[in-house]
Each structure stands twice: as structure tokens, then as C-alpha cells.
K.L.:
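What follows is a single structure, and I will ask about it in a moment.
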Amino acid sequence: MRQACTVTVDPHLLDDLEWRGLIAHSTDLDALREALVAGSVRFYVGFDPTAPSLHMGNLLQILTARRLQLAGHTPYPLVGGATGMIGDPRDSGERTLNTLDTVKDWVDRVRRQIEPFVSFEGSNAAVMVNNYDWTASLSTIDFLRDIGKHFPVNRMLARDVVRSRLEDGISYTEFSYILLQSMDFLTLYRDHGVTLQFGGSDQWGNLTGGVELIRRADGGKAHAFATPLITKSDGTKYGKTAGDALWLDAEMTSPYAFHQFWLNVEDAKVGELLRVFTFLPREEIETLEMQTAEQPFLRAGQKALADEVTTLVHGAVETAQAKAAAAALFGTGDLAEVGGGTLAAALREAGAVTAPLGTPYVDLLVATGLVKSKGDARRTIAEGGAYLNNERVTDPEFVPDGSHLVGDSWLVLRRGKRNFAGVEIG
RNA sequence: GGCAGAUUGCCCGAGCGGCCAAUGGGAGCGGACUGUAAAUCCGUCGACUUAUGUCUCCGAAGGUUCGAAUCCUUCAUCUGCCA
């Protein structure tokens with residue numbers, strides 16, 4: 001057997017996953033439980049390079065992989081060099097294909113983002129794989145004979161995603177995606193003894209496709225489970241609208257913005273998010289949930305959540321800086337009383353630009369990116385949503401002068417309640 | 001290949017020669033309330049400008065007209081039916 005016997009596995013892993021609500025669907029749960037207790041299970045979870053960075057939804061999978069590894073199992077994180085070329089079908093319609101160069105670049109970036117979350121050492125060291133390696137050279141004939149033969153089209157057509165697309169159309173390319181992902185599982189099963197795959201609940205069809213392929217092709221037994229889709233309490237996705245996706249890349253979503261995102265999570269979701277996105281133990285999470293219910297204004301749950309997740313993704317140093325920045329900007333005290341160094345750091349964290357003294361306030365708003373045009377800036381002022389140094393600005397012609405500087409050379413701009421940006425005069 | 005229909009601002013969707021920067025809904029943004037929450041209410045939502053002005057815009061390019069998102073031609077893409 002290829003199972004590593006030197007690793008001790010945590011027998012309570014599945015209970016913990018269930019308590020955290022991480023198992024939305026699964027194949028035979030008892031069989032999975034048995035396997036997870038018997039020894040180190042080799043498992044895989046795939047990430048398609050659909051953007052230059054992974055996002056919040058992917059983080060859930062990465063952390064789940066980490067949980068499994070910490071419990072003694074062996075991760076095979078997969079980057080979709082091949083599947084990323086094809087595109088998973090989605091309800092919103094046919095995807096635009098990316099070029100090979102783009103996909104390759106994104107594959108590298110995605111791989112580097114996953115690496116810090118798993119360990120590549122020890123007897124259950126992670127093994128990074130790329131499905132391009134066994135897919136690129138595959139011949140069409142082999143693919144159709146060895147893989148395609150096991151997929152009844154009537155069943156493929158019955159899948160929800162496919163059915164919803166039949167009206168508007170779906171290309172053969174996207175229709176075939178499930179074959180590629182299923183083949184990945186089969187390949188990893190054959191070559192590496194991987195017997196478990198998990199993914200988001202939208203991947204359920206693809207997950208079971210692989211399990212079934214292993215059964216049909218090799219008569220093998222494999223497992224799969226799907227993690228839940230995390231939505232806001234009104235049922236909509238987080239970061240669904242363009243622009244405000246929560247990226248793991250610090251260049252795309254600053255650690256400050258990342259920390260703020262978690263801090264602003266709605267009360268009703270804090271418990272769920274703590275269970276899913278942090279490694280805090282059960283008792284601690286239950287205490288935080290209780291505090292959130294009884295004294296919601298303290299936002300103890302949100303604070304713990306923001307600190308934990310930001311530390312996981314960006315490290316303790318960045319987290320401390322994000323917190324310090326928030327404390328300086330949202331603090332009740334006078335901005336002038338915040339130390340110059342602290343203020344400067346806070347503003348750089350929140351976003352800062354430089355401009356000469358005498359620049360009209362409207363232009364400063366545009367320069368910081370708080371508004372997207374001068375018209376937008378004037379509108380915001382008219383709506384009463386524009387502030388300088390925490391005081392509302394009502395005059396659209398306002399031009400800050402030397403008397404407005406705080407922390408030596410800074411102007412603190414704010415739009416609405418919580419969007420800050422700094423301007424360094426120089 | 002033939003015939004028919006579609007393509008509207010971030011999304012969905014009205015408009016079918018002037019009153020259209022373009023109804024309505026959603027998302028977003030701001031205000032009030034509060035806790036950097038949810039719900040609710042109000043406002044806002046192309047750009048420049050801040051004027052009762054200019055520019056860009058209704059798949060793309062041409063054309064008809066005093067005037068086009070609206071009519072015509074060609075092209076592109078999608079859908080359906082027939083080969």
C-alpha cells in the first residue's frame with residue numbers, strides 16, 4: 001500500500017469539519033469517515049487560473065486543505081493549467097478563452113499563493129500538481145476512448161449548469177469541462193493514490209464525475225465532498241459585483257482593505273465565517289458568537305475574524321499595521337493628536353497620494369480614487385458625504401491650505417463613513 | 001448555405017424618427033438611524049463643467065433625414081427553424 005503509516009491522523013477531523021459547516025454535500029460519509037481514521041488520506045483540491053489572484057472563495061478551499069493536512073492527511077493542491085484553458089461552465093454564459101501565456105502566468109501566481117498554506121515537509125508533505133502535465137499531450141482518440149466512453153451525455157445534460165445554459169447556448173468546450181476534471185481525479189488516483197477530492201458546492205457535479213469515473217474505469221473507490229457556498233444573509237454572493245472582489249494578492253486588495261472587509265461583516269454571518277475561515281477552537285468561537293449576540297456593538301466576533309484571517313493571509317505584521325491604521329482613522333480622538341508617524345503609516349495603508357498645496361479639494365478626491373470623476377466628487381459633496389480631517393466639506397470650491405495640515409504634511413480625506421485616503425502635501 | 005429573430009449604460013430590461021444621457025428593477029454610492037452591522041426610509045447613479053453649456057453613448061462601419069437608439073445597407077456575434 002502507498003498509504004504513509006508513520007503519520008498519526010486526528011480521528012475527530014470529520015466531526016470538526018461538520019461542526020464548522022464545511023461539508024455541504026458528500027459521497028458516502030461513513031465510508032469517508034472510515035478512510036480518514038484509517039490513515040493519511042491523499043486528497044486533492046483544484047484551482048483554475050481564472051484571474052491573476054485567488055479570492056475569498058478559493059481561500060475557503062485552501063484553508064480546508066490546511067485543516068486536512070494538519071489532521072495528518074496529504075494534500076495534492078492542483079493548479080488548472082489545462083482546465084484553465086477550457087473554462088468551467090457557469091450560469092452567466094460562455095467564457096472568453098484566455099491565451100496560453102496568460103494562463104501560464106496566472107498558474108504561476110496561483111501556485112505561489114497556495115504554497116504558504118500547506119507544508120511541503122514531513123511524512124504527509126504536500127505535492128503540488130498541474131493538470132496541464134497529463135492533459136496537454138493527450139491525444140483526442142485516447143481521450144474519447146478512455147475517458148469520454150464513461151460519460152453518458154444524457155446525464156451530462158441533466159446537470160443544472162448545463163440545463164440552464166441550453167437555452168442560451170453552451171459550447172462543446174465548456175460542456176466537456178467535467179471530463180477534464182474527472183480525468184484529473186482518475187490520474188491522481190492512479191499515479192498518486194489520491195482518493196479524496198473536495199471543492200466548492202458549485203463543483204459538486206465535477207467532483208462526483210471524478211468519483212464515478214474512478215469506479216467505472218478502474219473499479220476503484222474514491223470520496224468527495226463539497227464545501228458550502230458562502231453568501232451574505234440576503235443570499236447574494238460576497239464580492240459578486242465587479243471591482244470589490246476580495247483578492248488574496250496584496251497588490252489587488254491591500255491588507256488594510258482586506259482587514260476592513262472582515263471587520264465589516266454583518267452580525268448574522270460572523271459565527272459562520274469564524275468557523276469556516278479561522279482555526280480558532282470551538283469553545284472560543286462559541287464564546288465569540290455569544291458575545292456578538294449579546295453585545296453586538298462591541299463587534300468582538302468581527303474583530304477576531306478580521307485579525308485571524310488577515311494574519312493567515314498577510315501575516316502578523318501586516319495585520320498589526322492594518323489595525324493601527326484603523327485605530328488612527330476611526331479613533332474617537334482628534335486626528336491631530338495621533339502621532340505623525342502613526343498617521344502617515346495609517347494613511348499609506350489606507351491609500352495615499354501626494355499633491356501640492358493649493359490643489360482644490362475636488363481634485364484631491366479624484367486623485368485619491370475615492371471618487372471616479374470631478375462630477376462624482378461634487379455630487380458627493382452635495383450629498384454630504386465628503387470630509388476633510390473628519391469634518392464635512394460642503395463647499396465644492398473648497399481649497400485646503402496650510403492650516404488644514406495634520407501630522408506635519410497630511411490631509412485626511414474621507415468619503416462616506418469609512419473610506420479614507422491620505423494626501424501628502426509636497 | 002437559406003429563412004427568421006436578437007445585440008441598449010455594471011447587470012436585467014423598456015424605448016421603435018424629434019419631448020432620449022435614454023422609463024423601470026437590481027447592484028453600487030451618499031445621507032438619516034445605529035455599532036466602520038442588518039433592515040428601513042430618502043437621495044444619487046456617462047464625462048467635462050456648473051451651467052439653464054459642451055462632449056461621448058444604445059454590437060461595428062457606412063447611409064437616408066433638418067433631426068436616428070429608433071429607418072436602410074454591409075459586417076460581427078448569438079438564438080431558433082430549414083438544408
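Every chain is numbered from 1 and lettered A, B, ... according to where its sequence line falls, protein lines coming before strand lines.
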K.L.:
For the atom pair CG (A:Leu70) and CG (A:Asp16), what is the distance rounded to the nearest 0.5 Å?
P.N.:
10.5 Å
K.L.:
Quick check on B:C45: is either OP1 or OP2 less than 4.0 Å from any side-chain nitrogen or oxygen of A:Arg378?
P.N.:
no
K.L.:
When we call it a touch if two heavy atoms are under 4.0 Å apart, what does A:Arg392 touch: a base, just sugar-phosphate, or nothing?
P.N.:
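Answer is sugar-phosphate: A:Arg392 comes under 4.0 Å of backbone atoms only.
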K.L.:
Classify the ring geometry of A:Phe198 against A:Phe225: parallel below 30°, tilted from 30° to 60°, perpendicular beyond 60°.
P.N.:
parallel
K.L.:
What interatomic distance, in whole Å, is found between P of B:C41 and the corresponding atom of B:G25?
P.N.:
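Rounded to whole Å, the distance is 12 Å.
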K.L.:
Could you tell me the separation between the CG atom of A:Asp376 and the P atom of B:U44, rounded to a whole number of Å?
P.N.:
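Atom-to-atom, A:Asp376 to B:U44, this comes out as 14 Å.
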K.L.:
How many whole angstroms separate atom NZ of A:Lys269 from atom P of B:G35?
P.N.:
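Between P of B:G35 and NZ of A:Lys269: 24 Å.
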K.L.:
Is any side-chain N or O of A:Asn419 closer than 4.0 Å to OP1 or OP2 of B:C29?
P.N.:
no
K.L.:
So that I can compare with my own list, what are the stems of RNA chain B, taken as at least three consecutive Watson-Crick or G-U pairs with distances under 3.5 Å?
P.N.:
B:1-7 with B:76-82, B:10-12 with B:24-26, B:28-32 with B:40-44, B:46-48 with B:53-55, B:59-63 with B:71-75
K.L.:
Examine A:His404 together with A:Tyr361 and report whether their ring centres are nearer than 6.0 Å.
P.N.:
no
K.L.:
If you measure from the P atom in B:A69 to the same atom in B:A51, how many Å do you get, rounded?
P.N.:
29 Å
K.L.:
Classify the nucleic acid contact of A:Ala382 as base, sugar-phosphate or nothing, counting any heavy atom under 4.0 Å across all strands shown.
P.N.:
nothing
K.L.:
Could you tell me whether the side chains of A:Gln61 and A:Asn58 share a donor-acceptor contact shorter than 3.5 Å?
P.N.:
no
K.L.:
Rounded to the nearest Å, what distance is computed from the CD atom of residue A:Gln295 to the C1' atom of nucleotide B:U34?
P.N.:
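After rounding, the reported distance stands at 16 Å.
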K.L.:
Over how many whole Å does the gap from A:Asp395 atom CG to B:U50 atom P extend?
P.N.:
12 Å
K.L.:
Would you mind telling me which residue lines up with the more 5' stretch of RNA chain B, A:Tyr387 or A:Pro296, judged by nearest nucleotide?
P.N.:
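Of the two residues, A:Tyr387 wins.
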K.L.:
For the C1' atoms, the ones on B:U70 and on B:U65, what distance do you get once it is rounded to whole angstrom?
P.N.:
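After rounding to an integer number of Å, I get 13 Å for this pair.
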K.L.:
Looking at A:Arg33 and A:Asp28, is there a salt bridge between them, counting it only when a charged N and a carboxylate O are closer than 4.0 Å?
P.N.:
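A:Arg33 and A:Asp28: not salt-bridged.
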K.L.:
May I have the distance from A:Phe330 (atom CZ) to B:G35 (atom C1'), rounded to whole angstrom?
P.N.:
12 Å
K.L.:
Does the ring center of A:Phe420 lie less than 6.0 Å from the ring center of A:Phe330?
P.N.:
yes
K.L.:
Less than 4.0 angstrom between a side-chain N/O of A:Thr380 and OP1 or OP2 of B:C29, yes or no?
P.N.:
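Answer is no, no contact under 4.0 Å.
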K.L.:
Answer yes or no: does a side-chain N or O of A:Arg379 lie under 4.0 Å from OP1 or OP2 of B:U49?
P.N.:
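No, A:Arg379 has no side-chain N/O under 4.0 Å of OP1/OP2 on B:U49.
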K.L.:
Among the candidates B:A38, B:U34, B:G35, find the nucleotide nearest to the side-chain atoms of A:Lys417.
P.N.:
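Per side-chain heavy atoms of A:Lys417, the pick is B:U34.
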K.L.:
Rounded to whole angstrom units, what separation is found between the CD atom of A:Glu266 and the P atom of B:A39?
P.N.:
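Computing the A:Glu266:CD to B:A39:P distance gives 7 Å.
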K.L.:
Answer yes or no: side-chain N or O of A:Glu383 and base N or O of B:G31 forming a donor-acceptor pair under 3.5 Å.
P.N.:
no
K.L.:
Between A:Lys374 and B:C48, does any side-chain N or O lie under 4.0 Å from OP1 or OP2?
P.N.:
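No.
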K.L.:
Please work out if A:Gly375 contacts a base, only the sugar-phosphate, or nothing of the nucleic acid, heavy-atom cut-off 4.0 Å.
P.N.:
base
K.L.:
Between atom CZ in A:Phe297 and atom C1' in B:G35, what is the gap in whole Å?
P.N.:
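The answer, rounded to whole Å, is 8 Å.
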K.L.:
Any chance you could measure A:Leu357, atom CG, to A:Leu411, atom CG, to the nearest 0.5 Å?
P.N.:
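Rounded to the nearest 0.5 Å, the CG-CG separation comes out at 7.5 Å.
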K.L.:
Using atom P in both nucleotides, what's the gap between B:U49 and B:C55 to the nearest angstrom?
P.N.:
15 Å
K.L.:
Taking NZ from A:Lys303 and P from B:A37, how many angstroms apart are they, rounded to a whole number?
P.N.:
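My rounded result for the distance is 13 Å.
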K.L.:
Between A:Phe43 and A:Tyr76, is the ring centre distance below 6.0 Å?
P.N.:
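Judged by ring-centre distance (under 6.0 Å), A:Phe43 and A:Tyr76 do not meet the cut-off.
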K.L.:
Please state the C1' separation for the pair B:A38 and B:C33 - nearest whole angstrom.
P.N.:
12 Å
K.L.:
Closest to the A:Arg415 side chain: B:G30, B:U49, B:A47?
P.N.:
B:G30
K.L.:
Would you indicate what A:Val265 reaches in the nucleic acid, counting non-hydrogen atoms under 4.0 angstrom: base, sugar-phosphate, or nothing?
P.N.:
sugar-phosphate
K.L.:
Is the distance from the ring center of A:Trp262 to that of A:Phe277 below 6.0 Å?
P.N.:
yes
K.L.:
Using the C1' atom on both, measure B:C12 against B:U23 and round to a whole Å.
P.N.:
14 Å
K.L.:
Mapping A:Ala386 and A:Lys372 to their closest nucleotides on RNA chain B, which lands nearer the 5' end?
P.N.:
A:Ala386
K.L.:
How far does the C1' atom of B:G17 sit from the matching atom of B:C71, given to the nearest Å?
P.N.:
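My reading of the C1' atoms in B:G17 and B:C71 gives 8 Å.
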K.L.:
Can you tell me, in whole Å, how much space there is between the C1' of B:C48 and that of B:A37?
P.N.:
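Looking at atom C1' only, B:C48 and B:A37 are 38 Å apart.
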